[in-house]
Number of protein chains: 4
Amino acid sequence: MSSRTTARRHRRAPSAPKTLDVPRKLPRQERAQATVEAILRATAHILRTKGWDECNTNAVAKRAGVSIGSLYQYFPSKEALIAALAERHAQEGLKILVESVAAARAREVPLSFEATVFHYISAMVTLHSHDPELHRVLVEQVPRLPGGQEVIRRTSSHAASLVRAWLDTQREHLRIVDLDVATYMLVTAVEAIQHLQVVHRPEQLSREVLVTELTHLVLGYLGVTRAGR
Amino acid sequence: MSSRTTARRHRRAPSAPKTLDVPRKLPRQERAQATVEAILRATAHILRTKGWDECNTNAVAKRAGVSIGSLYQYFPSKEALIAALAERHAQEGLKILVESVAAARAREVPLSFEATVFHYISAMVTLHSHDPELHRVLVEQVPRLPGGQEVIRRTSSHAASLVRAWLDTQREHLRIVDLDVATYMLVTAVEAIQHLQVVHRPEQLSREVLVTELTHLVLGYLGVTRAGR
Amino acid sequence: MSSRTTARRHRRAPSAPKTLDVPRKLPRQERAQATVEAILRATAHILRTKGWDECNTNAVAKRAGVSIGSLYQYFPSKEALIAALAERHAQEGLKILVESVAAARAREVPLSFEATVFHYISAMVTLHSHDPELHRVLVEQVPRLPGGQEVIRRTSSHAASLVRAWLDTQREHLRIVDLDVATYMLVTAVEAIQHLQVVHRPEQLSREVLVTELTHLVLGYLGVTRAGR
Amino acid sequence: MSSRTTARRHRRAPSAPKTLDVPRKLPRQERAQATVEAILRATAHILRTKGWDECNTNAVAKRAGVSIGSLYQYFPSKEALIAALAERHAQEGLKILVESVAAARAREVPLSFEATVFHYISAMVTLHSHDPELHRVLVEQVPRLPGGQEVIRRTSSHAASLVRAWLDTQREHLRIVDLDVATYMLVTAVEAIQHLQVVHRPEQLSREVLVTELTHLVLGYLGVTRAGR
DNA sequence: TATGAATGAGGGTTCATTCAT
DNA sequence: CATGAATGAACCCTCATTCAT
């Protein structure tokens, strides 16, 4: 009574293999840009405040102040809409990281190894304290979207490459480890702790304590000797 | 298999208190027990193989080989059904942990601190390698269920109390830390890394490496001196 | 996609034309009598307190403390169950009326015409103030049952015949009217006012005022001269 | 006529405030107006011919020639749909009454008291002979709808106020009575007799006889002296 | 006979998506 | 291009009724 295929079906007759990236139509005019912007904002708002289940395209269009027809003019499906939002969210996050790295490099007096870790961890925590509800919803639900895994993978590997590159320059301070594994462990641990942080919402852990402890975690894992504490 | 007189049905009723706890009716006969079992198994199967979105009550009933009516005889709502499965899954997990702790304590020659950590981490990894797909779906979606947070909180605090109690006996080996915070960090880190492990499915990380690295992570965080490595 | 016949279908293959009167099986033993009694009581209770829509056979059986199977042993269908209750309710009502008539006739000093009307109206009001909720539900819903009209018709004509017979003996006090029409008007008016009384539940109309006004209504309609009022 | 991508639907949502008042969306285009009209007409038709139990939203949509989705675009629930129909039916009825009152007042030679009563009763009977089946169903079932009592109360009090106002101007012709009580008795009696008229469908009572007898009933109750008959 | 587990047609409602205007 | 009315497959859940034990 139902097709048991892998759960995704096409919308149009025999055409496009449905990727989630590009909007159906590149908005060239300002008006269109504003519309797209309004739709994405509305989507974010609803995901944030009402959650995944309440986030339907009609509600998004209404909140965005555009017609449902216009929404579909710019996003070929609900999934594409959310994927676009996820993409943008990921880019914003990456930007914070990249800027943090740039800031560290730009210092006249270079930071110590420990201070650098602290610096990066701070950036990560800042990153996640920005719109945590939206972040939570996206992290939980995007993997299920067709192509969602891809968005995540792309983002993580970008972040990982930054970390990996930096670790490479710091080999001398580390106990000998496989840098790829170490990178994976660090990126995952920091990311995941923050994720659960948002899910569980434990009030008892202040930002300061969190940053400190994550720094310990990372330094301890990398085998840096911590003198006098 | 039937054709019955029907007259009026289905009024909306004042929409019962909707809690997720008790099954609507306790199965007293063997047959009923088997039905409940079949339903839970079917739910797990579908969540595992088709995912959350495809897991609807009709599909569950069909796969369980029972009528939709039977499903609702034992579970007052779809949410209650999934919550029951989550509860059971959580209990199974806790059991593995508790047994692991008991095994460690029962040894004639006590394990070293490091070996104990290794022992526990192994148990955790074992735990998560059992039905990882189901675990992933539940971890991601149960929080959204009404009362889902509660199930999670109960389970986590049980697990945390085990860890916390053990840490308490090992104070001498640790750098001085707030044990509550340390417990949170450890439980979260280990849990979360495994979670992402399942989400990302990175094939490159073998079970052995994972256990080793997690042990490093934990020992490093706790500040244990690792001699000769 | 659906059969547009007159809304009733049979339960069994090509058998019984479904009348609502007799229980499937005449209860000869005490135990059976008690069961039937419990079921009817439970039905009445649920209709009274939860209303028509909440009154389903499973709930009735549970409240009656018998299995659903037993319910169907004594009542071939939900409709038959309710019809039986309606029948019993009607009989109880008729009994009150009949007793009221007997009481009036048994008096040594006969009541005046006016007093007799007052006497009967009082009986009617008493009748309706007994279990008004159940009465309301039955009056509203029974007509829709197959055969429900019949129950009502039978009861009404019985009541009407009592009124009609009495009017016949009182011809001299009445303006000349068609006694059949008059009977219909009176029975209907008194019945209906009480019905709406229960539906609207206007608190402002006390039993005394109601009896008085209904008496006026009847006397006025029958054309009895009311001296000095 | 379509086959669309579907993914996840239908979560239970916190089950909105459920009031019966406003249509979910005001139809702004002509087409929408026509749709609403068709839906209401279809509802009336089905209630009239098939009765309350057969009146389900799918049947209504089908008969209206619109999709079930369209129905829910304009009526948030089945109950709201029926309430809307009831409201409209009530308004139509009130309109007839108001016009009848206006017609009586507009006469150059005012009607006598008796003639006025006759005039009004005629209007009432006319009112009820218009779509009596629909009227019956609504009167019986609307009270059970959430908010249904309110619709009824509003309508009745409007009608009552018309009667009450008129009685007030005719005090001299009446035996002294509490006008509020009298109003209630009259409105109820007339309404209720007609109601039972529809329920019982006694063929023997022609419209003329009914009007005459109701007039007697009212005049008798109000204590008007009827000379020469 | 009594029990209660099982059945499944039926019905209310949602929401992604289309398309005529 | 924008609009928003319309669509309908899909889904959750109820309850009258049956039948194996």
Side-chain angles (χ1 to χ4, degrees), chain A residues 1-2 11-12 25 29 31-32 35 53 55-59 61-62 66-73 76-79 81, chain B residues 1-13 25 27-32 34-35 56-59 61 66-79, chain C residues 2 11-12 25 29 31-32 35 53 55-59 61-62 66-73 76-79 81, chain D residues 1-13 25 27-32 34-35 56-59 61 66-74 76-79:
Chain A
M1 198 179 267
S2 72
R11 237 158 322 98
R12 290 194 184 270
K25 151 169 300 185
Q29 304 161 18
R31 171 81 170 287
T35 300
D53 292 341
C55 184
N56 60 65
T57 53
N58 290 290
K62 182 174 228 169
V66 304
S67 71
I68 182 67
S70 290
L71 189 155
Y72 276 88
Q73 193 98 66
S77 72
K78 179 184 181 178
E79 282 145 6
L81 168 60
Chain B
M1 200 180 260
S2 76
S3 96
R4 296 178 183 101
T5 305
T6 63
R8 271 217 41 277
R9 303 269 175 74
H10 204 49
R11 195 139 310 285
R12 186 122 304 265
K25 160 186 278 189
R28 275 183 278 206
Q29 301 179 3
E30 261 185 47
R31 187 161 55 133
T35 299
N56 60 63
T57 53
N58 290 295
V66 303
S67 72
I68 182 66
S70 288
L71 190 156
Y72 279 92
Q73 194 122 61
Y74 298 108
F75 302 96
S77 70
K78 178 188 180 176
E79 280 144 8
Chain C
S2 73
R11 237 160 321 98
R12 291 192 182 271
K25 152 169 300 187
Q29 305 161 19
R31 170 82 169 290
T35 300
D53 292 340
C55 184
N56 60 65
T57 53
N58 290 290
K62 182 172 229 170
V66 303
S67 70
I68 183 67
S70 291
L71 189 155
Y72 276 89
Q73 193 100 67
S77 73
K78 179 184 180 178
E79 281 146 7
L81 167 61
Chain D
M1 198 182 258
S2 75
S3 94
R4 299 181 180 95
T5 304
T6 63
R8 269 216 44 277
R9 302 271 174 74
H10 204 47
R11 196 138 311 282
R12 187 126 301 271
K25 160 185 280 189
R28 275 183 275 206
Q29 301 180 3
E30 262 186 46
R31 184 161 58 134
T35 298
N56 59 61
T57 52
N58 290 293
V66 304
S67 71
I68 184 63
S70 287
L71 190 156
Y72 279 91
Q73 193 122 62
Y74 298 108
S77 71
K78 178 187 181 177
E79 280 144 10

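So you know, we letter chains A, B, ... as the sequences are listed, proteins then strands, and number each from 1.
Close to E:dG11, at under 4.0 Å from its OP1 or OP2, lies no side-chain N or O of D:Thr57. For C:Tyr72, a side-chain nitrogen or oxygen approaches OP1 or OP2 of F:dT17 to under 4.0 Å. Proximity of B:Ser70 to the phosphate of E:dT7: a side-chain N or O atom is located under 4.0 Å from OP1 or OP2. Between D:Gln73 and F:dG4, a side-chain N or O to OP1/OP2 separation shorter than 4.0 Å is absent. When the side-chain nitrogen and oxygen atoms of C:Ser67 are compared with OP1 and OP2 of E:dT3, one or more of them lie within a distance under 4.0 Å.
One atom, CG of C:Asp53, and another, C1' of F:dC15, lie 13 Å apart when rounded to the nearest Å. Here E:dT14 presents its C1' atom at 13 Å from CG of D:Leu71, a figure rounded to the nearest Å. Between C:Lys62 atom NZ and F:dT14 atom P the separation is 13 Å, expressed in whole Å. B:Tyr74 has its OH atom 20 Å from the C1' atom of F:dC12, to the nearest Å. Rounded to whole angstrom, the span from the CG atom of A:Asn56 across to the P atom of E:dT14 amounts to 10 Å. When the P atom of E:dC19 is taken as reference, atom CZ of D:Arg31 falls 13 Å away, rounded to whole Å.
Listed candidates were E:dT3, E:dG12, E:dT7. Nearest to the side chain of B:Val66 is E:dT7.
Looking at heavy-atom distances under 4.0 Å, A:Thr35 makes no contact with the nucleic acid at all. As judged by a 4.0 angstrom heavy-atom cut-off over every strand, B:Asn58 is placed among the base-contacting residues.
Taking a pair as Watson-Crick or G-U with both hydrogen-bonding distances under 3.5 Å, the stems of three or more pairs touching DNA chain E are E:2-21 with F:2-21.
Atom OG1 of C:Thr57 sits about 8.5 Å away from atom CG of C:Leu81, to the nearest 0.5 Å.
Scanning all heavy atoms of the two residues, the minimum distance from D:Tyr74 to D:Ala32 falls at OH-CB, 3.1 Å. For the pair B:Ala61 and B:Leu71, the tightest heavy-atom approach, listed with the atom from each and the gap, is N-CD1, 4.1 Å. When all heavy atoms are compared, the tightest approach of D:Ser70 to D:Thr35 is CB-CG2, 4.3 Å.
Both D:Ile68 and C:Cys55 lie close to DNA chain F; mapped to their nearest nucleotides by heavy-atom distance, the more 5′-ward contact belongs to D:Ile68.
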